[in-house]
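Quick notes on the structure that follows.
Everything numeric in this text was worked out from a predicted model, so none of it was measured. In what follows, every chain begins at residue 1, and chains take the letters A, B, ... in the order their sequences are listed.
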Protein chains: 2
Amino acid sequence: MAAETRERIVEAADLLFYQHGFEATSFADIAATVGISRGNFYHHFKTKDDILDGVINRRLANTEQMLDRWEIAGSDPAERIRSFIHILIVNGEKIRKYGCPVGTLSSELAKLNHTAKSDAAALFTLFRSWLCRQFERLGFGDKSDELAMHILGRSQGVATLANAFDDDRFLHHEVDLMCTWLDDQIADLTNKNNPDRE
Amino acid sequence: MAAETRERIVEAADLLFYQHGFEATSFADIAATVGISRGNFYHHFKTKDDILDGVINRRLANTEQMLDRWEIAGSDPAERIRSFIHILIVNGEKIRKYGCPVGTLSSELAKLNHTAKSDAAALFTLFRSWLCRQFERLGFGDKSDELAMHILGRSQGVATLANAFDDDRFLHHEVDLMCTWLDDQIADLTNKNNPDRE
DNA sequence: CCGAAATTAGGTCAATTGTCCTATTCTGTC
DNA sequence: GACAGAATAGGACAATTGACCTAATTTCGG
């Protein structure tokens, strides 16, 4: 079946793009991983950029699905945000080896002046607006987007340094700090709404 | 003169590696930028990795020089840390276009499984130990390295997102937050040392 | 079972890559 | 001013790249 082969190609490309980068991954690499001939590629993807498109769309779909799963899990928005923060630990090993899939792809495409850079940024937007929604539900109002960007940036920085230093302890420590930060934000907000002196 | 040509090559390579990445920059690109023949390269650098070495050493030297300049500027350690934070604004335009030179190089080399990855990480270490020293002088003792890594990570995350979204307002806002965070840390420390009730 | 369409394999293509060689030009010393 | 060594230019080299084509095979509706 064609759709299945296509799916296998995108899946392999996704992994290779993550592990070695978009530019450093060749058609031959993907073909060898999937176990099909190079020529077969052209039937499913006309250009390398098409494969990138497929990979980004796959990531978008997977991410959306993950975020939806967290949203219907019934827990409160704060718990959902903690789920986001804990991706750093869940995917800790991969992050220490290859960095954050979203951030590193976005950076690479920016340097390549690639048309798909905005598509990669859409992946960030997915997380951003999801986080923003959670903060809004917690009652942060107009500050929600700022807070979403803040925590998104924090996790990006943690991923970059954990990768550069291959440091697991740092990663865990910063995750704790981010959770503490979240608790403080929520405490500040409730204090502001119920200003009971002393 | 040979040393001058070599310097021009490294300088051009430094810029190109930053703007387009290490792998995406070819010998021909550098030669064209410097304005010398490709063959002339081999006289100064045997392999591409040699050029990378030269670029990293150049960055190490420049960074060390910058940090030294900040250190003898006579201001207090807190002011020096603020100087570090404000690189994000000083280099804001470049960062929005190409990301952080240190972080993006480190990420790329990690994906390429390149031997020089540890050399690139040494650039991070330069900032890390410098920041650590400033925190120690402020009296943070054993916590100094954690704080240094924290602020290093924050700036990395800010650079990544400012690049992904090409967002200058976010960059400025996060710089403000980092400065506030620094002030809070210092305030907490003095409170701890002078526990005068009320 | 047939034949058309979808799928796959294998190979070709020009362009580019990093590497390397040789011939020429420049530079400084006796 | 001659000459050795450094510096430069220009090209050759095999290997790899993304892209493309054609022929063989598979799949499936009638």
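Comparing dT8(D), dT17(D), dA19(D) by their closest approach to the side chain of Ser37(B) singles out dT8(D). Taking only side-chain atoms of Ser26(B), from C-beta outward, the nucleotide of dC20(C), dT7(C), dT17(C) with the closest atom is dT17(C). For Asn40(B), counting side-chain heavy atoms from C-beta on, the closest listed nucleotide (dG18(C), dA9(D), dG11(C)) is dA9(D). Considering only the side chain of His44(B), dT8(D) comes nearest among dG11(C), dT8(D), dT17(D). Here dT8(D) is the nucleotide among dT8(D), dC20(C), dG11(C) with the atom lying nearest to any side-chain atom of His43(B). Considering only side-chain atoms of Thr5(B), the nucleotide from dT17(C), dT8(D), dC20(C) that sits closest is dT8(D).
A close approach under 4.0 Å does not occur between any side-chain nitrogen or oxygen of Tyr42(B) and OP1 or OP2 of dT19(C).
A salt bridge does not link Glu136(B) to Arg133(B): none of the charged nitrogens lies less than 4.0 Å from a carboxylate oxygen.
Phe27(B) comes within contact range of at least one nucleobase, with a heavy-atom separation under 4.0 Å.
The two residues Val55(A) and Ala13(A) come nearest to each other via the heavy atoms CG2-CB, 3.7 Å.
Between Ser26(B) and Asp29(B), the side chains place a donor N or O and an acceptor N or O closer than 3.5 Å (distance only, hydrogens not considered).
The number of heavy atoms from other shown groups lying within 6.0 Å of NZ (Lys94(A)) does not exceed 12.
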